[in-house]
Amino acid sequence: MNGESTEKPNPQHIGIIMDGNGRWAKQRGHSRPRGHKEGAKATRAIIDACQELGIRYLTLYAFSAENWNRPDFEVRALMELLELFLSRETKTLVKKKVRLHAIGRIDELPASARKALQKAIDATKEFDDWHLTLALNYSSRNEVLDAAKAFAQAVAAGKVAADTTAWEDFSQHLYTAELPDPDLIIRTSGETRISNFLLMQSAYAEFYFTETLWPDFGKEQLQKALACYRNRERRFGKTGEQIAATPLQPSA
């Protein structure tokens with residue numbers, strides 16, 4: 001032993017599919033909007049926990065493009081909750097120097113939600129150590145369509161070679177171009193699907209599924225997910241022997 005630590009680092013970027021608010025509420029005889037309010041409290045706790053644990057990038061699946069199909073009262077409640085969350089948390093994000101990003105077809109959100117979101121993004125745009133991304137009106141398939149359109153326009157403008165086969169060239173047109181790919185994707189509530197979330201970016205991510213409903217998911221549950229992540233061998237197409245022969249690199 002040379003005295004150097006061989007403990008695997010925590011992920012640099014975590015994506016979370018926050019699921020189970022409705023079931024949490026139903027189990028307790030509450031309305032679905034009440035469950036979403038409790039879920040917002042869990043969101044605040046996880047943002048803090050990630051910063052405490054040194055996880056620089058956190059992406060939360062807050063509202064999918066498919067969520068518009070939910071009952072009108074629930075959609076309205078979610079949009080109102082988004083505005084309330086942003087109005088309450090922007091000062092905290094500024095204080096903790098967390099930069100806010102948003103991915104998805106943001107222009108299709110209600111005007112008041114867009115205004116609150118842009119205000120929070122502008123207030124935190126100078127920070128670079130910690131990053132919180134909200135996936136809003138997000139669909140990975142829509143993202144690919146939007147990226148393909150932008151890529152085609154770049155080719156037509158002569159900015160990209162028409163015969164390029166480099167993923168790096170195409171990925172610059174994804175919503176997440178300025179973010180690293182996620183290392184770990186977590187889904188709560190016992191469901192074992194990823195529901196159109198970061199399909200391109202999570203090609204080599206590790207996945208962790210838990211029965212815990214989102215309002216009950218806190219720092220302790222996050223640490224369990226991280227412990228599971230650290231026990232896995234990420235090979236990226238290589239053999240285990242090749243990985244073992246490569247010196248362990250700390251997260252950026």
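Here, residue 1 is the first one in the sequence, and each next residue gets the next number.
Proximity of Arg32 to Asn21: side-chain heavy atoms (C-beta onward) are nowhere separated by under 4.5 Å. In this structure, the side chains of Asp181 and Tyr204 stay at 4.5 Å or more apart for every pair of heavy atoms. The closest side-chain heavy-atom distance from Lys91 to Val94 is not below 4.5 Å. Using a 4.5 Å cut-off on side-chain heavy atoms (C-beta onward), Leu198 and Ile103 make contact. Counting heavy atoms from C-beta outward, His30 and Trp24 have side chains that approach closer than 4.5 Å. Here the side chains of Cys50 and Leu222 are in contact, with some heavy-atom distance below 4.5 Å. Proximity of Leu184 to Ile55: side-chain heavy atoms (C-beta onward) are nowhere separated by under 4.5 Å.
Between the side chain of Asn137 and the backbone N or O of Arg105, at least one donor-acceptor pair lies under 3.5 Å. For Thr212 (side chain) and Phe217 (main-chain N/O), no donor-acceptor pair under 3.5 Å exists by modelled atom type. Side-chain atoms of Thr90 never come within 3.5 Å of backbone atoms of Ser87 as a donor-acceptor pair (strictly under, hydrogens ignored). Under the 3.5 Å distance criterion, the side-chain polar atoms of Asn69 are matched with a main-chain donor or acceptor of Glu66. When atom types are taken as modelled, the side chain of Asn142 and the backbone of Tyr138 share no donor-acceptor pair closer than 3.5 angstrom. Listed for the Gln51 side chain is a donor-acceptor partner under 3.5 Å among the backbone atoms of Lys96. With Arg56 contributing its side chain and Asp128 its backbone, the two residues share a donor-acceptor pair below 3.5 Å. A distance-only check finds a donor-acceptor pair linking the side chain of Asp183 to the backbone of Gln12 [under 3.5 Å]. Distance alone, capped at 3.5 Å, is enough to place a donor-acceptor pair between the Gln221 side chain and the Gly218 backbone. Arg232 places a side-chain N or O within donor-acceptor distance of the main-chain N or O of Phe207, the cut-off being under 3.5 Å.
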Can Arg187 and Ile194 be said to form a side-chain contact (heavy atoms from CB on, under 4.5 Å), step by step? CA-CA 7 Å; Arg187 181 165 188 155; Ile194 56 175; 5.8 Å; no
Steps toward side-chain contact (heavy atoms from CB on, under 4.5 Å) verdict (Leu213, Gln27): CA-CA 11 Å; Leu213 302 176; Gln27 289 175 4; 3.7 Å; yes
Hey, mind stepping through Thr124 and Val98 against side-chain contact (heavy atoms from CB on, under 4.5 Å) and telling me if it holds? CA-CA 7 Å; Thr124 62; Val98 178; over 6 Å; no
From CA spacing to verdict: side-chain contact (heavy atoms from CB on, under 4.5 Å), Gln201, His13: CA-CA 11 Å; Gln201 298 87 339; His13 183 180; over 6 Å; no
For His173 and Gln153: C-alpha separation, side-chain torsions, deciding distance, then whether side-chain hydrogen bond (donor to acceptor under 3.5 Å, both in side chains) applies. CA-CA 11 Å; His173 299 281; Gln153 291 171 340; over 6 Å; no
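Rounding to the nearest 0.5 Å places NE2 of His101 at 8.5 Å from OG1 of Thr59. Note that CZ of Arg193 is 10.0 Å distant from CZ of Phe209, once rounded to the nearest 0.5 Å. Taking CE of Met200 as the reference point, atom CG of Leu174 lies at 8.0 Å (rounded to 0.5 Å). Rounding to the nearest 0.5 Å gives a distance of 11.0 Å between CG of Asn231 and CG of Leu226. Here Thr133 contributes atom OG1 and Leu136 contributes atom CG; the two are 10.0 Å apart, rounded to the nearest 0.5 Å. Atom CG of residue Leu134 and atom CZ of residue Phe85 lie 6.5 Å apart, to the nearest 0.5 angstrom.
Under a hydrophobic clustering in which Ile, Leu, Val, Met, Phe, Trp and Tyr are joined whenever their side-chain heavy atoms come within less than 4.5 Å, directly or via other members, Leu78 and Met18 fall into the same cluster. Connection of Ile106 to Leu132 is established within a shared hydrophobic cluster, with ILVMFWY side chains joined at heavy-atom distances below 4.5 Å, either directly or through further cluster members. Linking ILVMFWY residues whenever their side-chain heavy atoms come closer than 4.5 Å, directly or via other members, places Tyr175 and Val160 in the same cluster. Using a 4.5 Å cut-off between side-chain heavy atoms of Ile, Leu, Val, Met, Phe, Trp and Tyr, with links allowed through other members, Trp130 and Ile121 fall into the same hydrophobic cluster. Cluster membership check: Ile46 shares its hydrophobic cluster with Phe63, using side-chain heavy-atom separations under 4.5 Å among Ile, Leu, Val, Met, Phe, Trp and Tyr.
Taking the charged nitrogens against the carboxylate oxygens, Arg28 and Glu38 have no contact shorter than 4.0 Å, which rules out a salt bridge. Residues Asp48 and Lys219 are not paired through a salt bridge, judged by the lack of any N-O separation under 4.0 Å between the basic side chain and the carboxylate. For the pair Asp129 and Lys97, the salt-bridge criterion is not met [side-chain N within less than 4.0 Å of a carboxylate O].
For the residue pair Pro215 and Gly35, the shortest heavy atom distance occurs at CG-O, 4.0 Å. Listed here is the closest heavy atom pair of Leu60 and Thr43: CD1-CG2, 3.5 Å. Closest heavy-atom contact between Leu109 and Trp68: CD2-CZ2, 4.1 Å. Summarising the geometry of Tyr61 relative to Ser195, their closest heavy-atom pair is OH-O, 3.0 Å, with the distance given to 0.1 Å. Summarising the geometry of Ser31 relative to Ala25, their closest heavy-atom pair is O-CB, 3.1 Å, with the distance given to 0.1 Å. Closest of all the heavy-atom pairs between Arg23 and Ser189 is NH2-OG, 3.0 Å.
The environment of Arg141 atom CZ is sparse: at most 12 non-hydrogen atoms of other residues, nucleotides or ligands sit within 6.0 angstrom. The environment of CG in Asp72 is sparse: at most 12 heavy-atom neighbours from other residues, nucleotides or ligands sit within 6.0 Å.
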